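Each chain gets a letter, A, B and so on, in the order its sequence line appears, and its residues count up from 1. The model shown is predicted, which means the values in this text are computed figures rather than measured ones. Worth knowing before you read on, the calculation uses all heavy atoms, side chains too, and leaves out hydrogens, waters and symmetry mates.
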Amino acid sequence: MSNEYNPKSIESSVQKVWEDNKSFEVTEDHSKEKFYCLSMFPYPSGKLHMGHVRNYTIGDVVSRFQRMQGKNVLQPMGWDAFGLPAENAAIKNNVPPAAWTDSNIDDMRGQLKKMGLAYDWSRELATCKPEYYRWEQWFFLKLLEKGIVYRKKATVNWDPIDQTVLANEQVVDGRGWRSGAVVEQREIDQWFLKITDYADELLEDVQKLEEWPEQVRTMQANWIGRSEGVNMSFGIENSKDELSVFTTRPDTLMGVTYVAVAPQHPLALEAASNNPELSAFIDECKNIKVAEADMAKMEKKGMATGINAVHPVTGDLVPVWVANFVLMSYGSGAVMAVPAHDERDYEFANKYGIDIKQVITSADGDKMSISEEAYTEKGVLINSGEFDGLSSADAFNAIADFLSKENKGAKTVNYRLRDWGVSRQRYWGCPIPIIYCDDCGAVPVPEKDLPVELPTEIAFDETGGSPIKKMPEFYETTCPSCGKAARRETDTFDTFFESSWYYARYTGADNNQSMLDERADYWLPVDQYIGGIEHAVLHLLYARFFHKLMRDEGLVSSDEPFTKLLTQGMVLANTYYRENDKGGQEWISPENVDVQFDEKGKPKGAILREDGKPVLTDGMSKMSKSKNNGVDPQGLIDKYGADTLRLFSMFAAPPDQSMEWSDTGVEGANRFLRRLWRQVQEHAERGSVEKLDIASLNDEQKAIRRKLYLSLQKVTDDMSRRFTFNTAIAANMELLNDVAKFKDESEQGRAVRQEVFETVLLMLSPIAPHICEELWQTLGKSSALIDELWPEIDESALVQDNIELIVQVNGKLRGKITVSVDAEEENIKQQAQDSANVKKFINENLAGKSVRKIIVVKGRLVNIVVA
RNA sequence: GCCGAUGUGGUGAAAUUGGUAGACACGCACGCUUGAGGGGCGUGUUGCGCAAGCAGUGCCGGUUCGACUCCGGCCAUCGGCACCA
């Protein structure tokens, strides 16, 4: 039979029409309101996974909905194509990263096209192409000229066997994942961007991001971490040196009983030079990877240096300790320690028998003791000499003033945010356009020589080190300034560099004369940005920073890149692995694993299908290449079609909620589309429909129309304001369930049904565009659905005479009453008390008590309080 | 450890502003349709109870006429923590 729902043929023919008509290619049309909808571009890891499907379907639904609002909608797509996985694949499979990446892009583009996403593919870009990255080289040199870029030493994870730098994720339990060697921290020269120069503006402007989720704004603000405190210097006994520390609690200064410095601190190194034990301790501190989380989790250890610091107020001597938890890269690499009023210092002092001196007591005179734990609240000063009796707030100022008079310190603002280190010792990234000359130092590559192209014909060796570092034909060059033989920079940029400005490049991706042009200001800022919550801090902060840098360079005129943000919850899947002989983890796809259950239906283990032997699990985590737990949507597309997959992924949960992947329910989504198909076909087969005559409708027909417009009202709100596509779909399901029961085959009954189907197709078209387009034609429409506007609500259909109220007695549901919409409150109260079941409960509850009050909530309920 | 979230039936979830807890689905059970399978249609499905009803939204406590929703504390899970992207 011809009217079977056949997604495969419908989808390919509808997609062909869109492609032939260039339906989604847009230009700068000033007669329309623009809408730039952007989903975070993917890393081309090989195949799409359900996290991508979810992200890109959300973006597509928003784009199509906005198009139906009559806007000029830009929705582009591209590839975040530089990165570590390409290098790993190169070593594992002996394929060059460029070829591997290109073929992944081809595969994934094909999958995206099959999903029917409304992209303007003419703007596609890939960050690994010189046409793209030449502009960030150019921009980097502009920033260098302006003084935003500088060079300093920074710590990396060093694999002493492979002689290479490791990313944090390549260090497992403190060892290199390939060599198994214990990693060491090593200091190397790197390029930095002064993001701290913009810390204040980045923080201030968080306030302006009113259409961002509150949680993301909070995370951004906390990450920047502005704090007001005092910078002060401690003297060093028998030395002219000084030790600079920052504290947010100068009120506790008199309670300082030691000072802690980072293991890399010059003072620590000096003390270690004639102290083998301390030197050994400092070496031991290097055997941990460079990650804050690992620092925080490790055992807090320290060792006295034998050096004493001089307290800036009392002149007392306090010992200087080296502590493994003090970060050289944060502040001055030294902290003053007040064990009585700081938890970490308290623990440390107890462990090493250092004095604890209480200098704050509670302001309201409550009993408090520091014998069990530190007292970290603010309060009133004691044991603080001339500062005794001051509140913490007053003492803050008094002590700051004292220090500044003595020239030993001053109030200052400190940020948690650190400058952005952009150098990576990797191959598959954008070359940093610098040449090192023995005479001239670091010299920028002249603009005419850009781009510095990354060689793509390369070979990796076992160690995984960057091949261009061993490639004289790449790094041997001459100094642009003096002409002498010189050496090209072999480090590449952090891949966050590429993703910090791609959203702007889409507006003029074809421009080979400049980074951006006037089209940027037509489209920017992005009206709606959609991506995973895991990017809440780093990517979004770097992109905001870059936007301000581009603004200050005159390339864009807005202050912020993304007006509205939707953070998608992660799609999680179980992770499985086996350990290899070097203790590394070999991740196994959940698609190749069978989970075993105990008799209660709880999972008790998992086996690899191939060999039937057990595998280990590392719990649920976001779908990713690195843990190999992505679930490829291809099988579902082949079996059910893109519309089912799109519908299902939107129906499963609201977009901002994380979800554990399961395809339970895909059948249900498909069933719904088949039912929609059948209902519309059956309706259409009964022939043409008369014009709707609203005045002549009976009650049942009116009820269906009311349901229709209530649904439209809800769906419109869900799609435009709430972004809860799951409830929008549910509303359409409810509506169609009602219509299926509506058996009226009269002329007006069929006219009502026609109106319902037309509206349902419009409402569902952003989510399941192919089937809706096809059925639109079935309903006898000559125009394309893609060019239709969002339907309008018929307010008159919503009007009703009577409403149902619920009646509670002491907050519990005891009955329902029907009243006219304009009923007086007194009448409602009376009617509520008169209804039979309610009466019974009032009497039951009475027993010597009385009706205290009756609460009437208009249009909702009546609560009779008996007490 | 720090920052941010989440926790509701067997499962995914809904309840939008403090006002009917479990909409809409999945699964399951039973029935109808079918030669069978598939598909479709219908009924039921939070727990306990024959019922009236009682209890119930991770745990403990609070505010309120009324709490999934607000407040305090705890537990578990997830995301981020600057070289995964």
So, is [X] close to the [N] phosphate, meaning a side-chain N or O under 4.0 Å from OP1 or OP2?
X: A:Lys622; N: B:rG80; value: yes
X: A:Ser662; N: B:rG12; value: no
X: A:Arg418; N: B:rC81; value: no

When all nucleic acid strands are considered with a 4.0 Å heavy-atom cut-off, which category describes [X]: base, sugar-phosphate, or nothing?
X: A:His539; value: nothing
X: A:Arg344; value: nothing
X: A:Ser626; value: nothing
X: A:Thr218; value: sugar-phosphate
X: A:Ala293; value: base
X: A:Leu417; value: base
X: A:Glu87; value: nothing
X: A:Gln215; value: sugar-phosphate
X: A:Val216; value: nothing

What nucleotide, of [options], holds the atom closest to the side chain of [X]?
X: A:Met219; options: B:rA13, B:rC78, B:rG4; result: B:rG4
X: A:Arg674; options: B:rC78, B:rG79, B:rG40; result: B:rG40
X: A:Arg416; options: B:rA82, B:rG12, B:rC78; result: B:rA82

Requested in this report: Identify, with sequence neighbours excluded, every residue that meets side-chain contact (heavy atoms from CB on, under 4.5 Å) alongside A:Arg678.
Outcome: A:Arg675, A:Glu682
Can you check whether [X] and [Y] have ring centres sitting under 6.0 Å from each other?
X: A:Tyr133; Y: A:Phe82; result: yes
X: A:Tyr198; Y: A:Trp420; result: no
X: A:Phe348; Y: A:Phe325; result: yes
X: A:Tyr502; Y: A:Phe41; result: yes

Just name whichever nucleotide pairs with [N], Watson-Crick or G-U, keeping both distances under 3.5 Å, else none.
N: B:rC32; result: B:rG40
N: B:rU45; result: B:rG27
N: B:rG22; result: none
N: B:rC78; result: B:rG4
N: B:rU57; result: none
N: B:rU64; result: none
N: B:rA15; result: none
N: B:rA51; result: none

Atom [atom1], compared across [N] and [M]: separation rounded to whole Å:
N: B:rG18; M: B:rU63; atom1: C1'; value: 11 Å
N: B:rU17; M: B:rG66; atom1: C1'; value: 15 Å
N: B:rU11; M: B:rG7; atom1: P; value: 15 Å
N: B:rG1; M: B:rG62; atom1: P; value: 29 Å
N: B:rG49; M: B:rC68; atom1: C1'; value: 26 Å
N: B:rU8; M: B:rC3; atom1: P; value: 25 Å
N: B:rA23; M: B:rG31; atom1: C1'; value: 25 Å
N: B:rA21; M: B:rG72; atom1: P; value: 26 Å

Quick one: [X] [atom1] to [N] [atom2], roughly how many Å, whole number?
X: A:Lys152; N: B:rA82; atom1: NZ; atom2: P; answer: 15 Å
X: A:Glu667; N: B:rU11; atom1: CD; atom2: C1'; answer: 15 Å
X: A:Trp223; N: B:rA5; atom1: CH2; atom2: P; answer: 16 Å
X: A:Tyr640; N: B:rA25; atom1: OH; atom2: P; answer: 18 Å
X: A:Leu202; N: B:rA82; atom1: CG; atom2: C1'; answer: 15 Å
X: A:Lys297; N: B:rC2; atom1: NZ; atom2: C1'; answer: 11 Å
X: A:Glu534; N: B:rC81; atom1: CD; atom2: P; answer: 10 Å
X: A:Gln568; N: B:rG4; atom1: CD; atom2: P; answer: 22 Å

Query raised in the report: Angle class for the A:Phe723/A:Phe725 ring planes (parallel below 30°, perpendicular above 60°, tilted otherwise)?
Result: tilted
Side chains of [X] and [Y]: donor-acceptor distance under 3.5 Å anywhere?
X: A:Tyr542; Y: A:Asp494; result: no
X: A:Glu187; Y: A:Thr155; result: yes
X: A:Glu489; Y: A:Trp191; result: yes

Query raised in the report: How would nucleotides 44-58 of chain B be written as a contact map, 5' to 3', with B for base contact, S for sugar-phosphate-only contact and - for no contact, using protein heavy atoms under 4.0 Å?
Result: --------SSSS---
Report task. Between protein and nucleotides 14-24 of chain B, map the contacts as a letter string: B base, S sugar-phosphate only, - none, heavy atoms under 4.0 Å, written 5' to 3'. Result -> SSB--BB--BB
Determine, for [X] against [Y], whether the closest basic-nitrogen to carboxylate-oxygen distance falls under 4.0 angstrom.
X: A:Lys469; Y: A:Asp491; result: yes
X: A:Glu292; Y: A:Arg416; result: yes
X: A:Glu347; Y: A:Arg344; result: no

Query raised in the report: When syn is taken as a glycosidic angle within 90 degrees of 0, is B:rG9 syn or anti?
Result: syn
**Report entry** Smallest separation among heavy atoms of A:Met623 and A:Met50, with atom names
**Finding:** SD-N, 3.7 Å
Query - Residue closer to the 5' end of RNA chain B, A:Ala652 versus A:Leu84 (nearest nucleotide) - result: A:Ala652
Requested in this report: Would you kindly compare A:Val666 and A:Phe496 by the position of their nearest RNA chain B nucleotide and give the one closer to the 5′ end?
Outcome: A:Val666
Requested in this report: Verify the neighbour count for atom CG of A:Asp173: are there more than 12 heavy atoms of other residues, nucleotides or ligands below 6.0 Å?
Outcome: no
